[in-house]
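Please read the structure below before turning to the comments.
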2 protein chains.
Amino acid sequence: MADKVTIADVARVAGVSRQTVSNVLNTPEVVREETRQRVLDVVGELGYRVNRAARQMRTGRSQLIAIRIDPDRDGINGSVLDRFLHGLTDAAARSGYRILLYTADDDRSEVATFEDLLGAYEPDGFVLTGTHHRDPRASWLLDKGVPFVTFGRPWGEEAAARHPWVDVDGSAGTAVATRHLLDAGHARIGFLGWPAGSGVGDDRREGWARTLAEAGVDPTGLSRATSDAVADGEAAARDLIDSDPGVTALVCVSDSLAVGALHAARSPGLAWREDTRPELPIAVIGFDDTPVARAVGLTSLSQPLKEAAASCVTLLARILEGTETARASAASPAHVLLEPSLVVRQSA
Amino acid sequence: MADKVTIADVARVAGVSRQTVSNVLNTPEVVREETRQRVLDVVGELGYRVNRAARQMRTGRSQLIAIRIDPDRDGINGSVLDRFLHGLTDAAARSGYRILLYTADDDRSEVATFEDLLGAYEPDGFVLTGTHHRDPRASWLLDKGVPFVTFGRPWGEEAAARHPWVDVDGSAGTAVATRHLLDAGHARIGFLGWPAGSGVGDDRREGWARTLAEAGVDPTGLSRATSDAVADGEAAARDLIDSDPGVTALVCVSDSLAVGALHAARSPGLAWREDTRPELPIAVIGFDDTPVARAVGLTSLSQPLKEAAASCVTLLARILEGTETARASAASPAHVLLEPSLVVRQSA
DNA sequence: TACTTCGTCTTGAACGTTCAAACCCATGGA
DNA sequence: TCCATGGGTTTGAACGTTCAAGACGAAGTA
């Protein structure tokens, strides 16, 4: 608290000018090696740290990356953002940035928050999560030329290539899960998903359907769609199992639905199945590897959130530090698609 | 992006000086009503927003509150911090602050991060979570006179009154849970906790023991201590139930242990109990009301995290905005103790 | 010799805000 | 008439940094 070391203090002690100290820190190549070393020594000695506010005044760069922390959410999948957030904070720190949080109840109020933040704190960029069809947030940021990366593909066709994004390949994930079940001897493998129309949900369903078809099993009639709640998952699972007695395994679009499916699979009402094929209980695989999955022994697909977060920071930093402007990079934005991995537990 | 409205722009359009605009925004009482109104109109019209960096340069206030986001942790209880974080972001925004995230692997590196942050971003204050005996972080901040609030009581005796804190009354929570079980007809109620020495754990055990004693039941021998993992909870529950066949209910220090207890309570090995008192299955109550509790139907104690977060912001803002210095407030710091509430589900 | 170039370093100005002090004018009392 | 008071406003300076321009000496070139 007591000491507030400025660049002028360093300059005085090192016997050089302010600008030379600044150069040592920002453009070391223009200063003589001997001087550079002397200045660096003094910097260490006095514990000098560049004042971001002052630097921001001059350069317009705040070294802040803003991200929204969602209100409540469904809870069960909430931990995904939590882990992503930690990864982001970590990766950002390594690149000299810090994470600034904000909340918003919907897209409209989020855009209003953009204006607020840009006017006051001037974050250098944004990370958007949970992007969807015709996302007004992305368009607004694109329009203003504010750098940003999304965690999640832009599912809308035309916008697909207008900004950098990072995503996890859901289709590859459900394919791995399905193959795992096939290898374990299951044939008629069902899918519990969300109603068609959500990019993420459709993508995950596609991986299951493709793999099943490749194995010579017709996926028709083996899929159910429902909203993302445990009870809904249980009902849908029961419905699917009842309608097709051959079903011995379920791939689910989320851990919420998978937990519901587990309830259904273990419920007394299905005891008769023990007689039919007692050696093969109904297997269930979830998606996201949430703490709930860990707690109940649910096999699930784990997203590489740490890597995803690191990629977001990398892509954003490239825009911010490269010579390219946000608009230029929008011409040919970079994409990163990561593969989820299957965490095998008791349920499959 | 295009426009960058400064205080000078507003002044020019409104036909006043910079300082008058500044006064309208910061000390409206010194400016004539008519002028005030005119300036405010122009502010709205131009969409002026005060530049935090420039203000910070002059006033030294960054309007930032820093908080650590923990690395992963046990996962099952991680959602607590997540919800707290959201509440904090929300409450902070309402008071004109924003939340800045940082990570640290241990207390030592966290203190190093303090120095980094204070030197560069100069957050106005910190919120510390997971405080413990002789916490070096609290001492460091106290020493430097940096304003902070802890979420969690300072359990160490002497330091108890040296900084403001917010906490949830764990003892009151387990008392409510125990009373709930007593009312439901249970008599011999067990407790699954952590090893003695953790303030939080001891506090929660105390509420159970007190309530049981008040009801005329001697708690001796009805308690087990173990580390916070599902498997440990299961083992401890089994041990307790085996050693005392009269036990029909368990209060647990965490949802992790409670989920383990549920496994034990429902395991086939205990089927004989059905004969003894089939009308009364073993009831289990957890702590923290995590998503896992919701998913498996576990009755649990819910912490008022939103209120806790809001209280943290209020206490911090009081230090930051009040006339009192951090050191002065350390003389008689404010405390807030909130009551958890019981969320009843199938398990009890 | 004079002119240019280059490497290294320094100086003044500026970013947008608020503080401290000064200014102006109307009012009222001596 | 003069001065003190005070509400409302303006002016200059400063916060700590980096940009743009310039200064200076050494070395190379005409």
Side-chain angles (χ1 to χ4, degrees), chain A residues 1 3-40 42-43 46-64 96 117-122 124 320-321, chain B residues 1 3-40 42-43 46-64 96 117-122 124 320-321:
Chain A
M1 198 98 270
D3 52 345
K4 171 143 293 191
V5 185
T6 79
I7 211 171
D9 297 326
V10 176
R12 189 164 21 78
V13 175
V16 295
S17 69
R18 301 184 315 272
Q19 187 59 33
T20 297
V21 177
S22 176
N23 284 335
V24 166
L25 299 170
N26 301 309
T27 44
E29 64 275 14
V30 308
V31 46
R32 191 152 44 102
E33 172 59 21
E34 179 195 324
T35 320
R36 197 181 69 83
Q37 205 43 257
R38 182 155 38 97
V39 170
L40 283 181
V42 176
V43 163
L46 299 186
Y48 168 78
R49 283 180 157 86
V50 51
N51 180 319
R52 303 286 190 202
R55 167 179 286 182
Q56 181 180 350
M57 276 260 283
R58 204 68 257 257
T59 64
R61 303 274 315 277
S62 63
Q63 309 286 93
L64 290 172
L117 285 173
L118 288 170
Y121 293 87
E122 304 186 303
D124 293 337
L320 295 176
E321 284 151 28
Chain B
M1 199 96 272
D3 51 345
K4 171 142 293 192
V5 186
T6 78
I7 212 171
D9 297 326
V10 176
R12 188 161 24 74
V13 175
V16 296
S17 69
R18 300 185 317 271
Q19 186 58 34
T20 297
V21 178
S22 176
N23 285 336
V24 166
L25 298 170
N26 300 311
T27 43
E29 64 275 14
V30 308
V31 48
R32 191 150 45 101
E33 172 61 19
E34 180 196 324
T35 319
R36 198 182 67 84
Q37 206 43 257
R38 183 154 38 97
V39 169
L40 283 181
V42 176
V43 164
L46 299 186
Y48 168 78
R49 282 181 159 85
V50 51
N51 181 320
R52 274 18 238 210
R55 166 178 288 183
Q56 182 180 349
M57 277 261 285
R58 203 67 255 262
T59 64
R61 304 274 314 276
S62 64
Q63 309 286 92
L64 290 172
L117 285 174
L118 288 171
Y121 294 86
E122 304 187 304
D124 293 336
L320 295 176
E321 285 151 28

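These numbers come from the heavy atoms of this one structure, side chains and all, not from hydrogens, waters or symmetry mates. In what follows, chains are A, B, ... by sequence order, proteins preceding strands, each numbered from 1.
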Length of the line joining [X]:[atom1] and [N]:[atom2], which is rounded to integer Å:
X	N	atom1	atom2	result
A:N26	D:dC19	CG	P	7 Å
A:L25	D:dC19	CG	C1'	16 Å
A:K4	D:dA14	NZ	P	18 Å
B:R38	D:dG8	CZ	C1'	12 Å
B:R12	C:dT17	CZ	P	13 Å
B:R32	C:dC25	CZ	P	14 Å

| Is there a side chain to side chain contact (heavy atoms under 4.5 Å, CB included) between B:V39 and B:V43 once you walk through the steps? | CA-CA 6 Å; B:V39 169; B:V43 164; 4.2 Å; yes
From the list [options], which nucleotide is the closest neighbour of the side chain of [X]?
X	options	answer
B:N23	D:dG16, C:dC9, D:dT10	D:dT10
B:V30	D:dA13, D:dT9, D:dT18	D:dT9
A:N51	D:dG8, D:dG16, C:dT10	D:dG16
B:Q19	D:dT11, D:dT17, C:dT17	D:dT11
A:T6	C:dT17, C:dT8, D:dT17	D:dT17

| Worked verdict on B:Q56 versus B:L64 for side chain to side chain contact (heavy atoms under 4.5 Å, CB included) | CA-CA 10 Å; B:Q56 182 180 349; B:L64 290 172; 5.9 Å; no
| query | What about B:R49, does its side chain sit under 3.5 Å from the base of C:dG16 through a donor-acceptor pair? | reply | no
| task | Report the C-alpha distance between A:N26 and A:R55 in whole Å, list the side-chain angles of each, state the deciding distance to 0.1 Å, and finish with yes or no for side chain to side chain contact (heavy atoms under 4.5 Å, CB included). | result | CA-CA 11 Å; A:N26 301 309; A:R55 167 179 286 182; 3.1 Å; yes
| field | Residue met sooner reading DNA chain C from 5', once A:E33 and A:R18 are mapped to nucleotides | value | A:E33
| said: For a quick test of reading the model: is some side-chain N or O of B:S22 closer than 4.0 Å to OP1 or OP2 of C:dT17? | reply: no
| field | Any B:T20 side-chain N or O less than 4.0 Å from OP1/OP2 of D:dT10 | value | yes
| field | Pair B:T6-B:N51, side chain to side chain contact (heavy atoms under 4.5 Å, CB included): steps then yes or no | value | CA-CA 8 Å; B:T6 78; B:N51 181 320; over 6 Å; no
| Looking at DNA chain C, which of residues 52-60 of chain A put a heavy atom within less than 4.0 Å of it? | A:M57, A:R58
| task | Would you confirm whether B:R38, through its side chain, and B:A14, through its main-chain N or O, come within 3.5 Å as a donor-acceptor pair? | result | yes
| query | With no hydrogens and no angle check, is any side-chain donor or acceptor of A:E122 less than 3.5 Å from a backbone partner on A:G60? | reply | no
| query | In terms of the nearest nucleotide of DNA chain D, which residue is placed more toward the 5' end: B:T35 or A:V50? | reply | B:T35
| said: Quick check: closest heavy atoms across B:Y48 and B:V5, and the distance to 0.1 Å? | reply: CD1-O, 3.4 Å
